[in-house]
Structures are given as structure tokens and as C-alpha cells.
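First comes the structure, then the notes that go with it.
Order of the sequence lines fixes the chain letters, A, B, ..., with proteins taken first and strands second; residue numbering starts at 1 for each chain.
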There are 2 protein chains.
Amino acid sequence: MEHITIKDIAKALNLSFSTVSRALRGHPDVNQETKKKILALAEQLNYEKNPLALSLRKQKTNAIGVIIPEIANPFFSRIISGIQHVAYEAGYNVMICLSDESIEREISNLRHLLRYRVDGLLAAVSVETSTFPHFELALAKQVPMVFIDRVWDHPQVSKVLVDDFEGAFTITQHLIEMGYGQIAHIAGPEKLLVTQKRLEGFRAAILAHDLPLPPDYIQFGGFTEDFGAEALQKLLSLPSPPDAVFCVNDRTATGALLHCKTQQVQVPRQLGIAGFTDMPVSKLIEPGLTTMAQPAFEMGEVATQMMLRYLAAERYEPEVLILKTQLIIRESTRRSII
Amino acid sequence: MEHITIKDIAKALNLSFSTVSRALRGHPDVNQETKKKILALAEQLNYEKNPLALSLRKQKTNAIGVIIPEIANPFFSRIISGIQHVAYEAGYNVMICLSDESIEREISNLRHLLRYRVDGLLAAVSVETSTFPHFELALAKQVPMVFIDRVWDHPQVSKVLVDDFEGAFTITQHLIEMGYGQIAHIAGPEKLLVTQKRLEGFRAAILAHDLPLPPDYIQFGGFTEDFGAEALQKLLSLPSPPDAVFCVNDRTATGALLHCKTQQVQVPRQLGIAGFTDMPVSKLIEPGLTTMAQPAFEMGEVATQMMLRYLAAERYEPEVLILKTQLIIRESTRRSII
DNA sequence: CTGAAAGCGCTAACAC
DNA sequence: GTGTTAGCGCTTTCAG
């Protein structure tokens, strides 16, 4: 038989299918004997509940939707691993959608997941996302949401992030301590909250130490390697070029580093470079990249745990969880001879 | 209203819901006028079909299941990107499950997807998988399957892979051409087909050039960095250590390279190192890693296209597609001074 | 304790 | 053209 159903079992045992249904989901009102028979037969026939029918009936899918910009990025793929890990243990299904850093696609992903009646939503917004009507919609539908890292800054949704301000402050301060005095910042996409926070942290550290900060020292743009290289090129061609850069993430930092290699710029001697995130490459590249580590896997885990709590309690109380970053010092900023 | 249905529209327009259903799915037997009215109202009310009900009714989910060992591995995440890319364009939904390189979990993933009635299945098996009763089951249920890279070698299923034998042969030959004469092989998990094919290709190249191949020169084990380092350590402590290693993948090669750095072994002068796959790190690490590039994204794409063909034609004719690898020469094997 | 019946939202014969 | 009906597989009243 293609797929055996509750009815097949009922027929075989000469019972009504409601009794079978009860037995199968452990309802107390069913005779021990018949229950035993039913379970035995189900086992033997390899019966499995049809989750589609179940979802339709219960109006819940037992699924958590995930919208993420790209999966080929280790930061996000580690977040997804964390999500899967926790969801799997809890018997929840996760539906992953990729926005490809496009807001149009993000909207389409969201519609898809909503249409699908996911029980909850985990998301990191695309670089293009600066208005949030699509997420408003989800909010209106009472779907619990937890944003991860790339958050929607709205009081009614939960967030899991790191303290970007503090992280940026700390690493900038590290550059200063290493003796760099003309520090520039390769920033991310201008409208993103993460970009702004890291910029603020950077700026605060620079100001706290009375260092110069010409407007040209801040280069907005993107998260890619190419952008990092391009931005550094601009910085180096300034009349008074920086002696260090803090990059919004490791990818731009990597791009900057590669640019230095082609241009024979000595890192860390002539130029100090620091990143953010701590991707696997960062310790392999040479010189090793100084960076602020973000606990990506853990971010995925805790976001999912929060979601599971909401789902279990059937109430959604927005909360904000801020995880620790960690300064990882490698060679790309080791200017001073110790 | 929480979720508007076909009935709501029917009631509002004083029609039977079957008419509405017909209009909504473009059935010809419906008056142009009423059709227009229905579509207009649906549009206005922001009606969306409930995919759960649809799937239950049609006994197909419009979903493709994917089982993959891990997502944090760039090779697999690029495959997934390729899959998502094609599936998305075709309006197919993809359900990603991670086996975490565990066969137990792989079995559970498969059961989950089957229970979920996915229309087709894409898979790369775990390192632990050497028997395939779970996939037999899927085959028995007539679910079309395409294996990617880590394949089940069964005549009745489709496969998308690269020519591992030839790739291994080519890169080993490259090592020989660079003047290395005592070449070892850090192999993968012993039972995996990929491992065997690459080993065979390696061995064939060595034999073709009449080079020595002591049994100790082949170290089976895993795909991880740690294993690469460990295996190289053993090789280097041999009475007659190799002057080059071909590693089953870039991760083991990276581990081997790192081991060389800590042990002050000069690469490529004292030891040549070659990998397989071409991960993003491979060009960033120093020295750059010589490797055989596998078109991961494309593998995901073509596997999905095959699947879409089966689904559209409603018939599954197993086929095998072999994609080209490409030798990427970097510094880790540039021994000879040119 | 067990069975009958309604219904989740939709499609697809079958009537009219 | 349109409405009626049955049914996908299951849960959940409501009777008995």
C-alpha cells in the first residue's frame, strides 16, 4: 500500500477510526487492550501520521520559517546550523528561505512562509531592507518573530544580537593601543542598523582618544570583499592616508588585505587591518586577521530557543538578547614590536 | 479576518465556492464576468491559497527535499545555493535537512521528508553511510532521487558528480610534473565512493609513472582539517617520508598546510600539497593551495533541473551527469623554479 | 470507553 | 456555466 492511514488500521481491527486516532495520540479514553493492539499494528505497518493533514486540521505546521540573506556566507550558515540543531531536538521543522540580499526576494520569502502558516519566524534582513512593511504584516498576523544580527529595530519584535557598538569600540581601541593614530573605517551598507552601530562605536573610540577623523575616513558601501578592496584603494589615495582601518566585517577586511598584497603595502607595519565576525578564513589568511568574534552558532541556537518558548507558551513577549563578542588579536594589527 | 478562504469569497459574491475555485485556478468553464469579479475580490482581499490544503488534496507538496551533511561547509552551502536558485525560479519549495555527517540523522531526515510527501529528493550522503536501506525505501515509494557528489552507487538513481578518478589522476600528474617523486595520499573516509575514486585516480597516476607507493603512503580517515594535520604528521614521521601529498579535499589539505607551518616544513619546497574542491579559503591561505575545482553551485543547479524534469514529466529515468573539474595551480605545488 | 459526524481548505467528478 | 457532493487524513465535539 502506498501510504497507510488511520482508516486502514481501523478497518483491519474493526474499530472506528476515531478510536484509532485517540490511541495513536495517547488519549486516555481508550481501552488498554485495544490501544495495545492498535499501536502494535501501527508499528508493524510502519504507520506514520500525515503531517499535512495534521497541519491543516490543527492550523499549525510545527515549522519555523527562516529568512536569511545568503547561505554561502559562513556567518549565516553557522547561524542556520544553530537553528537546525535546536529545532531538530524539539521536533520542529525549519523552512529556510534565502533572500539573496534582495528585499524583493525577502518579501516574497515572507509571503511564502506566511502562506505556509509557519508557527514562527526567524530572520536576518537583507542589505537592501530599510523599510519593513512586510514584517509589519507578519506582526499583524501575530506570528512571533526573532531577528538575528541584521535586525528590525522595532519594540514589538525579539532580537538576538551582539553589542555592535561596544565591539567596534573595543577593536578600535585595540588599534589605538597598538600605536595606530590615523584610523579609517570601511563601513557597511549605509541604512543597516549593524552598520550604524559599528560606525558609532568606532567614532566614539576615536573621539575618546582625541584622534582625527576626516569625513573621507569613513567609506560606506557593502559587505563584500570587492568593496573592501575598492574602499581601501580610495583611502590609500587620500592626501593623508590612514595607517589603520577597522572594517565592518571580515569579508571587507579580507578584500582590503588582498589589495595591500597587490599594492605591496605591508600589513601590519604600514597599515593595520581589523575586521568583525571571525570567519574561518580569518585565522588562515596571512597575516592573520584581528577581529571581533561573533558567536554565530550560538546566536542561531538562542534565537530558536526563544522561539520555542513563545510557541510552547503560546504568547509572544518581545525580548532583546545581547551576546558577547570577543576580541581576537592576530598579526594584522601587531604593529608594535613586543 | 485571520486568513481568508475560498468560501469567504464565495459568500461575499453569492456564488458557490467551486465556481470560485475554478475561477481562481483558471478553469475555462466560468463566465468571464464572474471570473473578473472573483479575481478582483481575491486580489482586494489579498487572498492566498492555502498550500497545506492544496497539498493534502493533490497528494503532492510542490516541495523538493534536500539531505546534506552540513551547511557550514562552503562546498555544500554552494550546492544548496544552486538548488534554491533553480527551485525558486520554478516555484518549487525546498526543504533542507542536515545529517550532520551522521547516518542515524540521515535516516531520520529521510523519514521526515517522506512523511512530508516531498515530490523529489536531492541528497549527498553522510560519511557514515555505506549501506542504503533507507534510500531503498524511498526508491520503493517511487520518489525520484538525484544524488550529488556523495552518491549512492545504484543503477536506479540519478547522480550528479565530477569525475573523481580523472581529477585525482590529473592533479597527481601535476605533482609529478612539478618534480615531486614520493607522493602520498591523505584519503577520506574509507567506505565513501568519492574516497575510493580519488584514491584510484591517484594510484593510477603513480603507477603510470612508475613511482613508488608504499602502503603507508595512503592514510585513510576523514574530511576534516584536524585529520589532515594528523595524517601528515604520520606521513612525515615515516622512515622515508613523502615529498608531496595529494589530499582528498581542501580541508585536509589546509590542515596539512597548517601542520607544516608549525613544524617549519617549507611548502612547496620541502613538501608539495594539493587538495580537491577549491574552497574560498584555498586561494587566501598562504601558500595558495593547488586544487581541483568542483563546480558546486552548478552541481546544485543541474541536479535540481534534472529533478524538475522528472517532476514535470511524471517519470523518472535515472541518469548520470558528470561535470568538469578544473586544475587550479597555486603556490603550494610550485616547487620547480620557472 | 467507543462511534458518528463535522470540518480544516481545497479540487474534481457529477449533475443540472 | 454553475452548484452539489465527496474526499484528501486527521482531530474533536457530541452522543451513546
Side-chain angles (χ1 to χ4, degrees), chain A residues 1-39 41-42 45-63 91 93 112 114-119 141, chain B residues 1-39 41-42 45-63 91 93 112 114-119 141:
Chain A
M1 196 168 314
E2 240 308 349
H3 275 127
I4 96 120
T5 78
I6 221 170
K7 283 188 188 167
D8 300 320
I9 299 186
K11 210 168 291 171
L13 258 35
N14 226 306
L15 287 164
S16 81
F17 64 91
S18 45
T19 304
V20 176
S21 168
R22 272 190 281 257
L24 252 24
R25 87 194 109 96
H27 191 102
D29 283 2
V30 54
N31 185 304
Q32 283 303 317
E33 281 309 303
T34 43
K35 181 171 180 177
K36 217 168 268 177
K37 274 197 289 186
I38 291 170
L39 293 183
L41 187 58
L45 259 38
N46 227 316
Y47 168 79
E48 308 220 48
K49 279 193 193 171
N50 183 329
L52 258 34
L54 226 157
S55 296
L56 180 59
R57 178 63 236 242
K58 303 237 257 174
Q59 295 289 62
K60 71 180 293 277
T61 46
N62 224 45
N93 177 6
H112 176 77
L114 255 28
R115 191 166 45 215
Y116 214 86
R117 315 285 194 266
V118 291
D119 298 337
K141 298 213 183 206
Chain B
M1 196 169 314
E2 239 308 350
H3 274 128
I4 95 121
T5 79
I6 221 171
K7 283 188 186 165
D8 300 320
I9 299 186
K11 209 169 292 170
L13 257 35
N14 226 305
L15 287 163
S16 83
F17 67 89
S18 50
T19 305
V20 176
S21 168
R22 273 190 279 258
L24 252 24
R25 85 193 110 97
H27 190 103
D29 282 1
V30 54
N31 185 305
Q32 283 303 317
E33 281 308 302
T34 43
K35 182 172 179 175
K36 217 168 267 176
K37 273 196 289 188
I38 291 169
L39 293 183
L41 187 59
L45 259 39
N46 227 316
Y47 167 79
E48 308 220 47
K49 278 192 194 172
N50 182 327
L52 258 33
L54 225 155
S55 297
L56 180 60
R57 180 61 236 243
K58 304 237 258 172
Q59 296 289 58
K60 73 180 292 277
T61 46
N62 223 46
N93 178 6
H112 176 77
L114 254 28
R115 191 167 45 217
Y116 214 86
R117 314 284 195 269
V118 290
D119 299 336
K141 297 212 184 210

Is it true that atom [atom1] of [X] has more than 12 heavy atoms of other residues, nucleotides or ligands lying nearer than 6.0 Å?
X         : atom1 : result
Lys141(A) : NZ    : yes
Lys60(A)  : NZ    : yes
Lys35(A)  : NZ    : yes

Ignoring hydrogens and angles, answer whether the base of dG3(D) and the side-chain atoms of Arg22(B) contain a donor-acceptor pair closer than 3.5 Å.
yes

Donor-acceptor pair (no angle test) under 3.5 Å: Ser18(B) side chain, dT4(D) base
yes

Comparing Val30(A) and Lys58(A) on DNA chain C - which has the more 5′ nearest nucleotide
Val30(A)

Roughly, in whole Å, what's the span from [atom1] in [X] to [atom2] in [N]?
X        : N       : atom1 : atom2 : result
Leu52(A) : dC10(D) : CG    : P     : 11 Å
Lys11(A) : dG3(C)  : NZ    : P     : 15 Å
Leu56(A) : dA6(C)  : CG    : P     : 18 Å
Asp8(A)  : dC8(D)  : CG    : C1'   : 13 Å
Lys60(B) : dC10(C) : NZ    : P     : 17 Å
Ile4(B)  : dC8(C)  : CD1   : C1'   : 16 Å
Asn14(B) : dT2(D)  : CG    : P     : 13 Å
Leu54(A) : dG9(C)  : CG    : C1'   : 15 Å

Run the side chain to side chain contact (heavy atoms under 4.5 Å, CB included) check on His3(B) and Arg117(A) step by step: do they pass?
CA-CA 10 Å; His3(B) 274 128; Arg117(A) 315 285 194 266; 3.3 Å; yes

OP1 or OP2 of dG9(D) sitting under 4.0 Å from any side-chain N/O of Gln59(B)?
yes

N or O in side chain of Tyr116(B) less than 4.0 angstrom from dG9(D) OP1/OP2:
no

Counting side-chain heavy atoms from CB outward, which of [options] is closest to [X]?
X        : options                  : answer
Thr19(A) : dC10(D), dC8(D), dT2(C)  : dT2(C)
Ser16(B) : dT4(D), dA4(C), dA5(C)   : dT4(D)
Asn50(B) : dA12(C), dT2(C), dC10(C) : dC10(C)
Lys7(B)  : dT12(D), dG9(C), dC8(C)  : dC8(C)
Thr34(B) : dT2(D), dG9(C), dC10(D)  : dT2(D)

Counting distance only, does the side-chain N/O of Arg22(B) pair as donor-acceptor with the main-chain N or O of Val20(B) below 3.5 Å?
no

Start at the 5' end of DNA chain D and walk down; is the nucleotide closest to Gln32(B) or to Phe17(A) reached first?
Gln32(B)

Would you classify Asp29(A) as touching base, sugar-phosphate or nothing, given that sugar-phosphate means primed atoms plus P, OP1 and OP2, and contacts are heavy atoms under 4.0 Å?
base

